[in-house]
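Reading through the structure tokens given below for one structure.
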Amino acid sequence: MDPIAPPLLVLDLDGTLVDTAGDLIGTLNTLLAEEGLAPLHRSDAGAVIGAGARAMLTRAFARNAVALDEARLERLFGRFLPLYASRIADESRPYPGAIAALDRFRDAGWRLAICTNKPEGLARQLLEALDLTARFAAICGGDTFPEKKPAPPHLLGTIERAGGVAGRAVMVGDSATDVAAARNAAVPVVAVTFGYSDGPVAELGPDAVVDRFDELADAVARLGIAAV
């Protein structure tokens, strides 16, 4: 472990830092309508969001009993990106208490980073629209590295870009993908209950679970990385 490396908090984006369900589901529903299929509801967020846009499209169409072949998936993916970009922060907002929590970690000497399966360009566009970009030492998306979460190089690469080390990093996420990424990278993980998991996050085996952002600092402190 590098004793000079600052502690690093790595956050997932959709369903962890920012509630993006309204804009993501709205974009999916535009595509579903164009294909003559039934819309999704916000309650479907946990079943479709979390593994990147292609997986989200596959899951959304599967809920209409439609299996996408590779060509159709790529066509829909190409349509999804500009549609979503055009409304990326119409409804999306940071979760309650998120900004105060980020400030608390920053003031205690932590660096902050984003590790999301959302394409990096869209992640940056969203964070810029919400005036959050400058808070993060690294913003890494699903296309930043050759592999994405839960593959360990995505999380480990994010940590490296942020100037941290795995031994002084903590992952915060809302899904099985986030917990698996942290486990695969040997990084402790805190799961939030308010995101888009399709089941109880406690059953995923995280090191800690929080219901609100104002619980995060104490949960991380109990992991023994650094005092907050």
Side-chain angles (χ1 to χ4, degrees), residues 8-28 31 45-46 48-60 73-74 76-95 98 102 111-164 166 169-185 187 189 191-192 195-197:
L8 175 67
L9 192 72
V10 183
L11 298 105
D12 175 51
L13 187 52
D14 299 278
T16 300
L17 179 62
V18 181
D19 183 2
T20 56
D23 291 317
L24 288 169
I25 296 295
T27 305
L28 287 172
L31 292 177
V48 299
I49 300 173
R54 288 181 176 85
M56 187 166 53
L57 287 162
T58 299
R59 295 168 179 176
L73 175 59
E74 289 307 305
L76 289 165
F77 178 71
R79 175 83 173 121
F80 175 87
L81 293 180
L83 276 176
Y84 177 54
S86 71
R87 60 169 297 165
I88 198 162
D90 285 0
E91 300 179 43
S92 298
R93 298 292 182 271
Y95 281 100
L102 295 180
R111 287 187 184 174
L112 306 170
I114 293 291
C115 183
T116 174
N117 278 342
K118 187 187 227 74
E120 182 180 333
L122 290 175
R124 289 183 177 276
Q125 182 184 346
L126 174 60
L127 292 167
E128 187 66 27
L130 298 175
D131 197 26
L132 294 175
T133 304
R135 295 175 181 270
F136 298 101
I139 299 168
C140 298
D143 54 355
T144 303
F145 305 105
E147 298 179 276
K148 63 184 178 182
K149 295 183 297 183
H154 189 182
L155 177 53
L156 293 173
T158 301
I159 292 169
E160 182 178 6
R161 286 199 178 190
V170 177
M171 177 75 198
V172 183
D174 69 309
S175 70
T177 300
D178 298 316
V179 174
R183 289 283 174 254
N184 292 339
V187 171
V189 57
V192 302
Y196 308 143
S197 175

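Between Y84 and K118 the shortest side-chain heavy-atom distance falls below 4.5 Å. Considering only heavy atoms from C-beta on, K148 stays 4.5 Å or farther from T177 through its side chain. Using a 4.5 Å cut-off on side-chain heavy atoms (C-beta onward), L122 and L126 make no contact. Within the 4.5 Å cutoff, the side chain of L13 has no heavy atoms near those of the I139 side chain. You'll find the side chain of L28 reaches within 4.5 Å of the side chain of F80, heavy atoms only. Side-chain atoms of Y196 and V48, non-hydrogen and from C-beta on, never get closer than 4.5 Å to each other. The closest side-chain heavy-atom distance from L17 to F136 is below 4.5 Å.
The SG atom of C140 sits 9.5 Å away from atom CD1 of I114, with the distance rounded to the nearest 0.5 Å. Taking CZ of R87 as the start and OG1 of T27 as the end, the distance is 5.0 Å to the nearest 0.5 Å. Interatomic distance, CG of L8 versus CD of E160, reported as 12.0 Å (0.5 Å rounding). Rounding to the nearest 0.5 angstrom, the gap separating the CE atom in M171 from the CG atom in L155 is 6.0 Å. For the atom pair CG (L127) and CD (E120), the distance works out to 10.5 Å, reported to the nearest 0.5 Å.
Of all heavy-atom pairs spanning T133 and R124, the tightest one is OG1-O, 4.1 Å. Between T158 and A113, the shortest heavy-atom contact is CG2-CB, 3.9 Å. Pairing each heavy atom of G22 with each of E91, the nearest pair is CA-OE1, 3.6 Å. The two residues H154 and T116 make their nearest non-hydrogen contact at CE1-O, 3.1 Å. Annotation for G15 and T20: closest pair N-OG1, 4.4 Å, computed over non-hydrogen atoms. Here the closest heavy-atom approach between residue K149 and residue D178 is recorded as NZ-OD1, 2.6 Å.
V170 pairs in a side chain to side chain contact (heavy atoms under 4.5 Å, CB included) with only one of the listed residues (L9, V10, V189), which is L9. The side chain to side chain contact (heavy atoms under 4.5 Å, CB included) test with D14 singles out one residue from I49, D23, D19, and that residue is I49.
The backbone N or O of I88 lies less than 3.5 Å from no partner atom in the side chain of Q125, so there is not a single donor-acceptor pair. A donor-acceptor pair under 3.5 Å is formed between the side chain of R111 and the backbone N or O of A162.
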